[in-house]
Novice: 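Just passing along the structure, written as structure tokens.
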There are 2 protein chains.
Amino acid sequence: MAARKKNSTYTRNEAHIIECDLTYAVNKINGRWKILIISKLESGKMRFGEIKKEFPYMTERMLTLQLRAMEQDGLVKRMVYAEVPPRVEYELTEMALAFGPIFKQLSEWGGKYRLP
Amino acid sequence: MAARKKNSTYTRNEAHIIECDLTYAVNKINGRWKILIISKLESGKMRFGEIKKEFPYMTERMLTLQLRAMEQDGLVKRMVYAEVPPRVEYELTEMALAFGPIFKQLSEWGGKYRLP
DNA sequence: CAGGATCCTATAAGATACTG
DNA sequence: CAGTATCTTATAGGATCCTG
């Protein structure tokens with residue numbers, strides 16, 4: 001990922017925004033894919049290729065980027081097994097699992113208010 | 001806002017993603033500002049200038065864009081009074097108010113898991 | 001007061017090819 | 001299998017100036 005310029009207004013606004021607990025939380029799961037990834041991993045640990053298969057429209061690059069970012073943010077644990085061929089498993093951390101009930105409510109909101 | 005190309009993978013992915021109730025809901029409140037605006041409006045209707053004052057780091061342009069998008073999405077009601085100088089008030093709709101308890105939980109998540 | 005118009009920058013996302 | 005590397009496109013966000 002390209003280094004972010006530290007003095008852009010974008011960055012200053014972000015700094016300001018994540019002082020808020022609410023937007024701090026939102027920033028952890030922003031982007032197009034993280035919420036979907038968390039949802040899939042809720043049922044247990046999965047391998048890279050298994051996750052990939054769940055999202056046929058997501059490129060490998062995006063999956064890698066998201067998983068790396070989520071690892072950095074403490075949302076997933078990445079476990080590498082020294083085998084050939086390589087095996088890597090991903091598992092949600094406690095803080096990611098705590099999103100579960102919230103996502104459920106968001107999903108209910110979507111079901112209730114989406115247009116038919 | 002620039003017209004979006006209808007056949008980009010970005011658009012196709014979005015179409016695929018919002019079939020899911022969860023990500024449909026998330027797409028309604030995506031971006032940097034909408035959640036904050038909803039939070040402010042929860043306490044009642046506000047004028048454009050009042051909202052603006054709450055977010056000194058947001059440009060007028062962004063506020064306008066967000067409010068227009070939220071109006072399109074049925075999240076806010078925009079009420080224009082035929083006065084001079086002009087007066088415009090914004091108020092949350094029922095579907096936006098329904099986000100209240102969810103945002104509260106997200107905020108609690110942020111308070112619990114954010115780094116000290 | 002409540003914005004609209006124009007131009008520009010930053011980031012997110014995607015396509016494709018390649019590798020230990 | 002589980003990624004990297006490189007290039008390109010798309011969208012979000014911002015700066016600044018202008019107006020009924």
Side-chain angles (χ1 to χ4, degrees), chain A residues 1-17 23 26-27 29-37 45-71 76 78-90, chain B residues 1-17 23 26-27 29-37 45-71 76 78-90:
Chain A
M1 218 177 296
R4 171 179 288 182
K5 293 187 180 169
K6 291 305 175 199
N7 269 336
S8 67
T9 304
Y10 195 97
T11 300
R12 276 185 283 122
N13 270 339
E14 183 170 76
H16 185 251
I17 281 173
T23 48
V26 171
N27 266 273
I29 51 173
N30 62 6
R32 169 162 284 183
W33 301 111
K34 285 178 193 161
I35 290 178
L36 293 167
I37 295 171
K45 66 179 71 157
M46 294 173 76
R47 299 182 61 165
F48 184 89
E50 289 178 314
I51 305 173
K52 185 159 118 64
K53 228 177 298 178
E54 294 287 339
F55 304 108
Y57 295 100
M58 176 166 36
T59 62
E60 295 182 350
R61 183 183 119 87
M62 288 314 296
L63 181 53
T64 302
L65 283 177
Q66 303 307 313
L67 287 170
R68 289 289 186 279
M70 293 166 76
E71 192 187 357
V76 297
R78 179 170 179 268
M79 289 157 303
V80 185
Y81 298 90
E83 302 174 359
V84 180
R87 185 159 63 100
V88 179
E89 288 180 338
Y90 292 90
Chain B
M1 217 176 294
R4 171 179 287 181
K5 292 188 181 171
K6 292 304 175 197
N7 270 335
S8 67
T9 305
Y10 195 98
T11 300
R12 275 184 284 122
N13 270 339
E14 181 171 77
H16 186 251
I17 281 173
T23 48
V26 172
N27 268 272
I29 50 173
N30 62 6
R32 168 163 286 182
W33 301 111
K34 285 178 194 161
I35 289 178
L36 293 168
I37 294 171
K45 67 178 71 157
M46 293 174 78
R47 298 181 62 166
F48 184 89
E50 289 177 314
I51 305 173
K52 186 160 117 63
K53 228 176 298 178
E54 295 285 339
F55 304 109
Y57 295 99
M58 176 166 37
T59 63
E60 297 181 349
R61 183 183 118 87
M62 288 315 294
L63 181 52
T64 302
L65 284 177
Q66 302 307 313
L67 287 171
R68 287 291 185 278
M70 292 165 77
E71 193 188 355
V76 297
R78 179 169 179 267
M79 289 158 302
V80 185
Y81 298 90
E83 301 173 2
V84 181
R87 185 159 65 98
V88 180
E89 288 182 338
Y90 292 90

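Sequence lines set the chain letters: A, B, ... in the order given, protein chains first and strands last, and positions in each chain run from 1.
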Novice: Tell me which donor-acceptor pairs under 3.5 Å the side chains of residues 52-63 of chain B have, and how far apart each pair is, sequence neighbours excluded?
Specialist:
from	atom 1	to	atom 2	distance (Å)
B/Lys52	NZ	B/Glu60	OE2	3.3
B/Glu54	OE1	B/Lys40	NZ	3.0
B/Thr59	OG1	B/Met62	N	3.3

Novice: Any side-chain N or O of B/Arg32 under 4.0 Å from OP1/OP2 of D/dG14?
Specialist: yes

Novice: Let's see if you get this right: which residues in residues 82-90 of chain B place a heavy atom under 4.0 Å from DNA chain C?
Specialist: B/Pro85, B/Pro86, B/Arg87, B/Val88, B/Tyr90

Novice: Tell me which residues in residues 47-60 of chain B lie within less than 4.0 Å of DNA chain D, going by non-hydrogen atoms.
Specialist: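 DNA chain D contact set from residues 47-60 of chain B: B/Thr59.
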
Novice: Report the nucleotide, chosen from D/dT4, D/dG13, C/dA13, that has the shortest atom-to-atom distance to any side-chain atom of A/Arg68.
Specialist: D/dT4

Novice: Hey, what bend do you get for the helix from C/dC1-D/dG20 to C/dG20-D/dC1 if you fit axes on five pairs at each end, rounded to 10°?
Specialist: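 About 60° separates the two local helix axes.
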
Novice: Mind checking if B/Asn13 touches a base, just sugar-phosphate, or nothing, with heavy atoms under 4.0 Å?
Specialist: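 If one applies the 4.0 Å heavy-atom cut-off, B/Asn13 turns out to touch the sugar-phosphate alone, with no base involved.
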
Novice: Taking only residues two or more places apart in sequence, or in another chain, which ones meet B/Val84 in a side chain to side chain contact (heavy atoms under 4.5 Å, CB included)?
Specialist: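 B/Val84 satisfies side chain to side chain contact (heavy atoms under 4.5 Å, CB included) with no other residue.
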
Novice: Check side chain to side chain contact (heavy atoms under 4.5 Å, CB included) between A/Asn30 and all other residues, then give those that pass, not counting sequence neighbours.
Specialist: A/Asn27, A/Lys34

Novice: Can you find a side chain N or O atom of B/Gln66 that sits less than 4.0 Å from OP1 or OP2 on D/dG13?
Specialist: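 Result: yes.
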
Novice: Report each atom pair, protein N/O against N/O of nucleotides 5-7 of chain D, whose distance is under 3.5 angstrom.
Specialist:
none

Novice: Considering just the side-chain nitrogens and oxygens of B/Arg12, establish if one lies under 4.0 Å of OP1 or OP2 belonging to D/dA10.
Specialist: no

Novice: Can you tell if the side chain of A/Phe48 reaches within under 4.5 Å of the side chain of A/Leu67, non-hydrogen atoms only?
Specialist: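 Answer yes - side chains close enough.
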
Novice: Listed by chain and number, what are the salt bridge (charged side-chain N to carboxylate O under 4.0 Å, His left out) partners of A/Arg87, not counting sequence neighbours?
Specialist: A/Glu83, A/Glu89

Novice: Does B/Tyr10 have A/Arg32 sitting over its ring (NZ/CZ under 6.0 Å from centre, angle to axis within 45°)?
Specialist: yes

Novice: So does B/Thr11 get a side-chain nitrogen or oxygen closer than 4.0 Å to the phosphate oxygens (OP1/OP2) of D/dT11?
Specialist: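 For D/dT11, OP1/OP2 do have a side-chain N/O of B/Thr11 under 4.0 Å.
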
